[in-house]
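Note sheet for the following structure.
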Amino acid sequence: MRVLVVEDDPTIASAIKQGLAQESFAVDVAYDGEDGLASACAIAYDLLILDIMLPGINGLEITRRLREVPTPTRILILSAKGQAEDKIAGLNLGADDYLAKPFSFGELLARVNSLLRRPANNLGDVLYAGALSLNAATHFVQRDGRCIELSSKEFAVLEYLLRNKNRTVSKDAIITHAWDFDADILPHTVEVFVMRLRAKIDKPFDGQALLKTIHGLGYKIEDKP
C-alpha cells in the first residue's frame with residue numbers, strides 16, 4: 001500500500017513515515033500544500049494523511065479539490081486544532097476520517113488500517129489465492145498451513161498482487177504501489193522480488209505455481225494453480 005503524508009512539521013512527518021515503513025507501507029512525504037496536491041494528483045495513492053494547517057494550500061482545500069475529480073484515495077485529516085468545526089468541515093468536504101494532534105502512532109496506525117479496509121470492493125484483512133493466505137493486519141502469510149516468512153517489501157508486493165487477484169499487473173504498477181519516491185527502482189528489481197516470492201510461496205509446494213508471469217505485460221496471482 002502506498003501512502004502520501006502531507007505535513008509541514010518535519011519531525012512529525014519523519015515519525016509517521018518511519019512508523020508506517022516498518023509496517024510495510026511505501027510512504028512519500030510532502031511538506032507544503034502545493035507539493036502535496038501535485039503529488040496526490042500524479043500518483044494513485046491508497047491513502048493520504050493530510051494536515052489541515054499547511055503552507056500554501058491548506059488541507060481542507062486539498063480535500064475539496066481531490067474530491068471534485070473524484071479520487072478513490074482515502075483521506076485522513078490531521079490537525080492541532082481540536083474544534084468541532086474543523087472536523088465537520090473536513091468530513092463534509094470528503095475526508096474519510098479525522099485525527100487530532102497530539103496522537104500516538106498506535107492510534108494513527110489503527111485509523112490507517114481501518115480506512116484501508118474500506119475500498120469500494122472491500123477485500124478485508126485476509127486475502128486468499130488457493131491455499132495461500134495473507135493477513136494484512138498481522139502480516140501472517142501461510143500456504144497449506146505452513147507459515148511463510150517474508151521481508152517487508154516481499155510482503156508489500158504479494159499484498160498488492162493478491163488485492164488484484166486474477167488480474168495482470170504491470171511492473172510499473174507494482175513499483176508505484178510498493179515503493180516510495182525515494183527508492184531508485186528499476187523494472188529488474190521487480191523481477192528479483194517476484195523470483196524471491198516464487199521461491200517462498202510456490203516452489204516448496206509441489207511445483208503448484210500461483211504466481212504467473214504474463215509475458216510482455218506483468219504478473220498475476222491466480223486463484224488456482
Side-chain angles (χ1 to χ4, degrees), residues 1-81 86-101 103 105 107-123 136 156-157 159-160 163-164 169-185:
M1 292 292 192
R2 191 162 182 179
V3 177
L4 174 64
V5 178
V6 188
E7 167 61 65
D8 63 328
D9 186 320
T11 301
I12 295 175
S14 178
I16 294 174
K17 177 171 182 173
Q18 290 178 17
L20 291 179
Q22 291 177 358
E23 298 293 326
S24 300
F25 291 94
V27 186
D28 297 321
V29 176
Y31 297 100
D32 62 57
E34 292 181 356
D35 285 346
L37 179 60
S39 296
C41 290
I43 300 290
Y45 287 99
D46 299 291
L47 174 68
L48 175 61
I49 299 176
L50 179 63
D51 190 23
I52 287 182
M53 301 300 293
L54 292 166
I57 306 171
N58 68 40
L60 294 178
E61 177 64 13
I62 291 174
T63 300
R64 185 188 68 79
R65 294 193 194 183
L66 290 177
R67 290 308 187 227
E68 284 180 347
V69 177
T71 171
T73 300
R74 276 78 81 202
I75 298 176
L76 172 61
I77 285 182
L78 305 178
S79 178
K81 292 185 176 181
D86 292 319
K87 176 179 180 179
I88 293 169
L91 296 175
N92 283 340
L93 287 169
D96 298 282
D97 202 354
Y98 181 99
L99 186 58
K101 298 176 182 177
F103 53 84
F105 178 75
E107 182 180 7
L108 173 69
L109 182 60
R111 299 290 185 95
V112 167
N113 286 331
S114 176
L115 287 176
L116 291 176
R117 288 194 292 266
R118 300 186 205 168
N121 55 339
N122 191 353
L123 299 176
V157 172
E159 181 182 2
Y160 181 66
R163 289 192 181 277
N164 291 275
V169 295
S170 68
K171 293 177 183 177
D172 286 343
I174 293 172
I175 291 171
T176 295
H177 285 271
W179 278 272
D180 56 43
F181 276 131
D182 296 332
D184 185 14
I185 301 300

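We number each residue from 1, following the sequence as shown.
- Atom CZ of residue R111 and atom OH of residue Y98 lie 10.5 Å apart, to the nearest 0.5 angstrom.
- Counting only residues at least two apart or in different chains, salt bridge (charged side-chain N to carboxylate O under 4.0 Å, His left out) contacts with residues 35-50 are absent.
- V157 places a side-chain heavy atom less than 4.5 Å from the side chain of W179.
- Between F25 and V112 there is a side-chain heavy-atom pair separated by less than 4.5 Å.
- The shortest non-hydrogen separation linking A95 to I77 is CB-CD1, 3.6 Å.
- Applying the salt bridge (charged side-chain N to carboxylate O under 4.0 Å, His left out) test to every pair with at least one member in residues 4-27, sequence neighbours left out, gives these pairs: E7-K101, K17-D182.
- A distance of 10.0 Å separates OH in Y160 from CE in M1, rounded to the nearest 0.5 Å.
- Considering only residues two or more places apart in sequence or on other chains, D28 meets the salt bridge (Lys or Arg N to Asp or Glu O under 4.0 Å) condition with R2.
- Under the rule for a side-chain hydrogen bond (donor to acceptor under 3.5 Å, both in side chains), the partners of Q18 that lie at least two apart in sequence or sit in another chain are S14.
- The side-chain contact (heavy atoms from CB on, under 4.5 Å) with L78 is formed by just one residue from the set V6, I52, D97, I16; it is I16.
- Between F105 and L20 the shortest heavy-atom distance is CZ-N, 3.6 Å.
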Under 3.5 Å, which donor-acceptor pairs link side chains of residues 58-66 to any protein atom two or more places apart or in another chain?
| from | atom 1 | to | atom 2 | distance (Å) |
| --- | --- | --- | --- | --- |
| N58 | OD1 | L60 | N | 3.0 |
| N58 | OD1 | E61 | N | 2.8 |
| E61 | OE1 | R64 | NE | 3.1 |
| E61 | OE2 | R64 | NE | 3.4 |
| E61 | OE2 | R64 | NH2 | 2.5 |
| E61 | OE2 | R65 | NE | 2.9 |
| T63 | OG1 | G59 | O | 2.9 |
| R64 | NH1 | E68 | OE2 | 2.4 |

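- In terms of the ring pair (Phe, Tyr, Trp, His ring centres under 6.0 Å) criterion, Y31 has no residue partners (sequence neighbours excluded).
- Between H177 and A26 the shortest heavy-atom distance is O-CB, 4.2 Å.
- The line from CG of L99 to CG of L50 is 12.5 Å long, rounded to the nearest 0.5 Å.
- Interatomic distance, N164 CG to E159 CD, rounded to the nearest 0.5 Å: 10.5 Å.
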Applying salt bridge (charged side-chain N to carboxylate O under 4.0 Å, His left out), run through D96 and R67 and close with a yes or a no.
CA-CA 11 Å; D96 298 282; R67 290 308 187 227; 2.9 Å; yes
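- Checked against side chain to side chain contact (heavy atoms under 4.5 Å, CB included), S170 has the following partners two or more places apart in sequence or in another chain: D172, A173.
- Partners of T73 by side-chain hydrogen bond (donor to acceptor under 3.5 Å, both in side chains), not counting sequence neighbours, listed by chain and number: T71.
- Scanning both residues, L4 and G36, for their nearest heavy atoms gives CD2-O, 3.6 Å.
- Checked against salt bridge (Lys or Arg N to Asp or Glu O under 4.0 Å), E34 has no partners two or more places apart in sequence or in another chain.
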